[in-house]
Amino acid sequence: DAGVIQSPRHEVTEMGQEVTLRCKPISGHNSLFWYRQTMMRGLELLIYFNNNVPIDDSGMPEDRFSAKMPNASFSTLKIQPSEPRDSAVYFCASSRDRSQFFGPGTRLTVL
Amino acid sequence: AQSVTQLGSHVSVSEGALVLLRCNYSSSVPPYLFWYVQYPNQGLQLLLKYTSAATLVKGINGFEAEFKKSETSFHLTKPSAHMSDAAEYFCAVTILTNAGKSTFGDGTTLTVKP
């Protein structure tokens with residue numbers, strides 16, 4: 001079975017540009033999580049969905065960040081406009097029975 | 001609310017020595033507890049989980065953890081460290097009603113010396 005799929009794996013962009021990160025969860029999983037990981041702040045939960053509905057977005061740092069889950073097999077995390085401090089590895093994870101399965105991450109660099 | 005404290009952000013052991021990574025949790029209701037491992041440039045992978053069945057849980061790669069309610073602990077152990085065990089390890093806690101949302105510890109980086 002395919003695990004959680006994230007794209008792109010690497011993204012380099014300039015400050016002010018829009019960035020869209022994509023995630024395909026494991027089929028049959030009903031919860032989806034977006035995390036950000038940096039050396040300074042560690043692993044941070046940004047937002048999570050249950051049955052495609054956003055449950056808790058209190059971790060989203062600013063209005064520049066938005067996330068959607070239009071169906072059970074796809075989610076996006078958008079940053080508009082991006083800033084250098086958004087540089088991090090962004091992980092998507094999905095869950096069915098409270099065990100989380102993480103994707104390989106998207107390494108974002110904002111210049 | 002739930003919380004997790006991992007004691008020691010860095011642990012170093014010699015190859016073949018016992019690995020002990022400490023995790024204490026706080027939860028007002030019976031918790032589910034997890035250990036995840038993260039190798040460089042990869043996502044987190046589930047090592048093992050406790051879900052109120054046996055208190056001694058065995059996971060992949062020879063790791064195991066024991067749930068001790070009286071000590072609110074869920075320490076991770078492995079009898080003999082291997083070089084390939086070098087990674088970052090995260091303890092996490094969740095509860096039944098959280099739709100799978102877990103609270104993660106800050107992580108412990110394990111170094112294995114030859």
Side-chain angles (χ1 to χ4, degrees), chain A residues 2-7 9-10 21 23-26 28-60 69 72 88-109, chain B residues 1-10 23 25 27 29-53 57-60 63 65 67 74 76 87-109:
Chain A
V4 175
I5 298 172
Q6 291 187 248
S7 65
R9 293 294 311 277
H10 301 272
L21 311 181
C23 175
K24 177 178 170 56
I26 293 172
H29 285 193
N30 59 356
S31 292
L32 183 139
F33 307 82
W34 282 102
Y35 293 90
R36 177 171 70 175
Q37 187 177 41
T38 62
M39 291 291 291
M40 291 295 294
R41 302 171 74 99
L43 188 67
E44 303 174 274
L45 176 64
L46 301 177
I47 184 171
Y48 78 101
F49 297 82
N50 185 245
N51 294 322
N52 312 338
V53 176
I55 303 299
D56 184 354
D57 66 353
S58 60
M60 297 285 261
M69 191 165 186
V89 180
Y90 290 81
F91 289 105
C92 175
S94 68
S95 170
R96 184 182 63 192
D97 63 352
R98 294 169 189 79
S99 303
Q100 293 190 21
F101 293 83
F102 283 72
T106 295
R107 182 173 296 276
L108 174 65
T109 301
Chain B
Q2 302 76 47
S3 67
V4 166
T5 302
Q6 291 185 238
L7 301 174
S9 58
H10 291 84
C23 172
Y25 71 91
S27 177
V29 298
Y32 292 75
L33 294 160
F34 306 84
W35 276 100
Y36 292 85
V37 60
Q38 183 178 29
Y39 299 104
N41 300 313
Q42 295 185 27
L44 282 68
Q45 302 173 31
L46 181 66
L47 260 183
L48 51 79
K49 63 181 178 182
Y50 166 77
T51 57
S52 77
V57 181
K58 294 186 184 300
I60 62 173
F63 283 92
F67 173 70
F74 190 58
L76 182 70
E88 189 163 17
Y89 292 79
F90 292 88
C91 183
V93 62
T94 190
I95 60 174
L96 183 64
T97 57
N98 261 10
K101 175 188 174 183
S102 289
T103 299
F104 285 80
D106 291 336
T108 297
T109 299

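Below, chains carry the letters A, B, ... as their sequence lines are ordered, and counting in each starts from 1. All values reported here derive from a predicted model rather than from experimental measurement.
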Asks: Contact part of A/R107 toward chain B, heavy-atom cut-off under 4.5 Å: side chain, backbone, both or neither?
Replies: side chain
Asks: Below 4.5 Å from any heavy atom of chain B, which atoms of A/I55 appear? Answer side chain, backbone, both or neither.
Replies: neither
Asks: Side-chain contact, heavy-atom cut-off 4.5 Å: A/F91 with B/Q42?
Replies: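 A/F91 does not reach B/Q42 side chain to side chain.
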Asks: Please classify the contact of A/F49 with chain B as side chain, backbone, both or neither, using a heavy-atom distance under 4.5 Å.
Replies: neither
Asks: Please round to the nearest 0.5 Å and tell me the distance separating atom CG of B/L48 and atom OG of A/S99.
Replies: 10.0 Å
Asks: Write down the atom of B/K101, the atom of A/D56, and the distance for their closest heavy-atom approach.
Replies: NZ-OD2, 3.2 Å
Asks: Does a sphere of radius 6.0 Å around CG in B/D106 hold more than 12 heavy atoms from other residues, nucleotides or ligands, not counting ones at 6.0 Å or beyond?
Replies: no
Asks: Taking the side chain as everything from C-beta on, heavy atoms only, tell me whether B/Q38 gets closer than 4.5 Å to A/F102.
Replies: no
Asks: Does a side-chain heavy-atom distance below 4.5 Å link A/L43 with B/L44?
Replies: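 Yes; the side chains approach each other to less than 4.5 Å.
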Asks: With a 4.5 angstrom heavy-atom cut-off, could you sort out which part of A/Q37 is near chain B: side chain, backbone, both or neither?
Replies: side chain
Asks: I'd like to check B/S102 versus A/Q100 (side-chain heavy atoms, cut-off strictly below 4.5 Å). Are they in contact?
Replies: yes
Asks: Roughly how far, to the nearest 0.5 Å, is the OG1 atom of B/T103 from the CG atom of A/L45?
Replies: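 Here the interatomic distance stands at 8.5 Å.
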